[in-house]
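First up is the structure itself, then whatever we jot down about it.
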Amino acid sequence: MSEQTEAATPGESADASGLLDRWDGLRERESFSIAGAIAFVVVFPMIFTNLPAYNGYMSLVELIYIWAIFAIGFDLLLGYTGLLSFGHAVFWGGSAYAAGLFSANVSGEPLLIVLVAMVTAIVLALIIGILSLRRGGIYFAILTLAFGQMMYFIALGPLGGITGGEDGFTGVTVDPLLGALELGTGFAGVLGTLLHDIGYVLFAGFFVLAVAAAVRIVRSPYGAIFQAIAENEQRVRFLGLNVWRYKLAAFVISGAFAGVAGGLHTIHAQYVAVGSLFWITSGDIVIITVLGGIGSIFGPVTGTIAFLYVENIVSGEIAFWLLVLGALFVTVVWLFPAGIWGIVTGIRSTVREQLLGDDS
Amino acid sequence: MLLETKGLTKRFGELTAVDEVNLQIQEGDSLSVIGPNGAGKSTTVNLITGLLNPTEGKVLYRGEDITGQEPHEIVQQGLSKSFQTASIFPDLTVERNAVVASLGAEHGSFSLNFLRRLGNYDDVLERAEQTMRDMGLYEQRHVEAKSLPYGDKRRLEMALALASDPDLLFLDEPTAGMSPDETDDTVDLIERIKEERGVTIVLIEHDMEIIFRVSDRIAVLNRGAKIADGTPDEIQGDPDVQEAYLGGVEI
């Protein structure tokens, strides 16, 4: 209550400009988020690689950025628009295959590979979105799952000659970035400590870009309309907005993020596994996003870190690592429905309330 | 003629919910639709605003056939609807509610502006602020809509419907569940909207006092069919109407 009166008084004096001031404040926070993401990619490896049982390899850190891009995009759909897709492996795996085939047959330029992967995912998302979004709720989830599994079996069987079938696609050839910068080339001195090598700059750079794009989308008219659709779809329709198109836009945007991530994963792994199209991949991204906390941008990032840590590090120490993951998921969802990031924001607002309480 | 329905009919299986209803609404000539429970009042409005598709019949808006169009297309043409239950965005602030409504009004039904900052849309923010001020909700703009008192929620609901500056506004029992004081305020508000904004209002109501205060014409529905249509004085003396209500309501 005290917080509300606090907020209302300065707004009163500012009068007409009050609204704009508020939005200016938000705009400032936008650049704040991007600066935060840049600081994160510099500091994160130093902390993460020193966690218990970590063997010190950078590859996992890069993998976290790639999955985080996937998760951020997925949350734009699940957390903001309120649509649960159970077939996002299509965009991740489909774009990964497109990236692999493109690298083997056309060009190995990393930026072009990512572009091709993104465009592939956008086209797939348009088609599957148009077909699936006609139904809501559980039917939408099942339809996306069905399309996902269809793609999996198509890649496994009829297209086996191109995709490598069960063995996956092994012909990935990645050229140096912009024709000159070998991804494995390390930096010297301070730059080496902070940014490691060209490959790291590529993956971390795309991660920062993804955060920037997501923050911008959330603070654009789309962000407001997505949230409104999640809360009361019929009302949005009766405000004169074409809900169906906005949902499709959310689906395609989310697919585009998955496409960038899928392309980067092909570059990173130099291989495409058929499992990238399997429904378990779709499930993983749901778990990652919910674990981290839906309806935020850094929530999915937190979820990715926790998930990949358990999957890759804990699994080396404990044979029943899936049980650990399950226990972690159940505990978080049960005790903190807003996810791991929700714990952080919860603490933050408690501290703020305490401070405000002391003031007055 | 602002709005006209011709032989509007809706059947759900065996049940005829709306039976060949003809309504005429002139600009500035506010209409009340009354009738006993289950008379088909809400269904009629839902047929006009696009929530339901009529089985037969036509809806003409400014002479143009809008039958079977999507709700967002109909809203974009200047028809707006306020729901019987406060249909708002409960977890968003009052301001955010108004902003979403203003987006629908300023931007058309869809726009590819997902990389533009909402904060740069001065027209949208101004409209949102104006709407909140008009409806006396500006002081509460940072409050989550779900924590508003009931009367304020209904006012926010009406604000959402009004943000698009409609020419024709459907109000579905705007005072249902309100205290006498809140009802009084709401009726004042409706009269003000009529006068200041020149909105033509179609009101669905039970409360006769409100109906006589607000409407220029009254249409009476019973069992899906229109049984009378005229000025409040004409309706008061109509024997069919007396019959339909069987003394349930004194008119």
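Throughout, protein chains are lettered first and strands after them, A, B, ... in sequence-line order, and every chain is numbered starting at 1.
Other residues, nucleotides and ligands contribute at most 12 non-hydrogen atoms within 6.0 Å of the NZ atom of B:Lys6.
Annotation: A:Phe207 is in aromatic contact with A:Tyr65 [ring centroid separation under 6.0 Å]. For A:Phe91 and A:Phe251, the gap between ring centers is short of 6.0 Å.
Heavy-atom distances place the backbone of A:Val218, and not its side chain, under 4.5 Å from chain B. In this structure, chain A has heavy atoms under 4.5 Å from both the backbone and the side chain of B:Glu157. Contacts between A:Ala224 and chain B at a heavy-atom distance below 4.5 Å involve backbone atoms as well as side-chain atoms. For B:Ala163, no part lies near chain A; criterion is any non-hydrogen pair under 4.5 Å. Contacts of B:Ser87 with chain A are made by both backbone and side-chain atoms, with heavy-atom separations under 4.5 Å. For B:Leu112, the parts lying near chain A are the backbone and the side chain together; criterion is any non-hydrogen pair under 4.5 Å. Residue B:Ser102 does not touch chain A at all, counting heavy-atom pairs closer than 4.5 Å.
Of the N and O atoms on the side chains of B:Glu64 and B:Gln77, not one donor lies less than 3.5 Å from an acceptor on the other residue.
The closest donor-acceptor contact from the side chain of B:Ser109 to the backbone of A:Leu241 lies at 3.5 Å or more, if one exists at all. The closest donor-acceptor contact from the side chain of B:Lys10 to the backbone of B:Asn53 lies under 3.5 Å.
Across B:Ser164, B:Gly50, B:Pro90, the residue that shares the most heavy-atom pairs under 4.5 angstrom with chain A is B:Pro90. For the set A:Asn232, A:Asn242, A:Val236, A:Ile253, the count of heavy-atom pairs under 4.5 angstrom toward chain B peaks at A:Asn242. Per-residue heavy-atom pair counts under 4.5 Å with chain A were compared for B:Thr49, B:Asn97, B:Val124, and the maximum is reached by B:Thr49.
A cation-pi arrangement is absent between A:Arg235 and B:Phe83 under the rule of less than 6.0 angstrom and at most 45 degrees off the ring axis.
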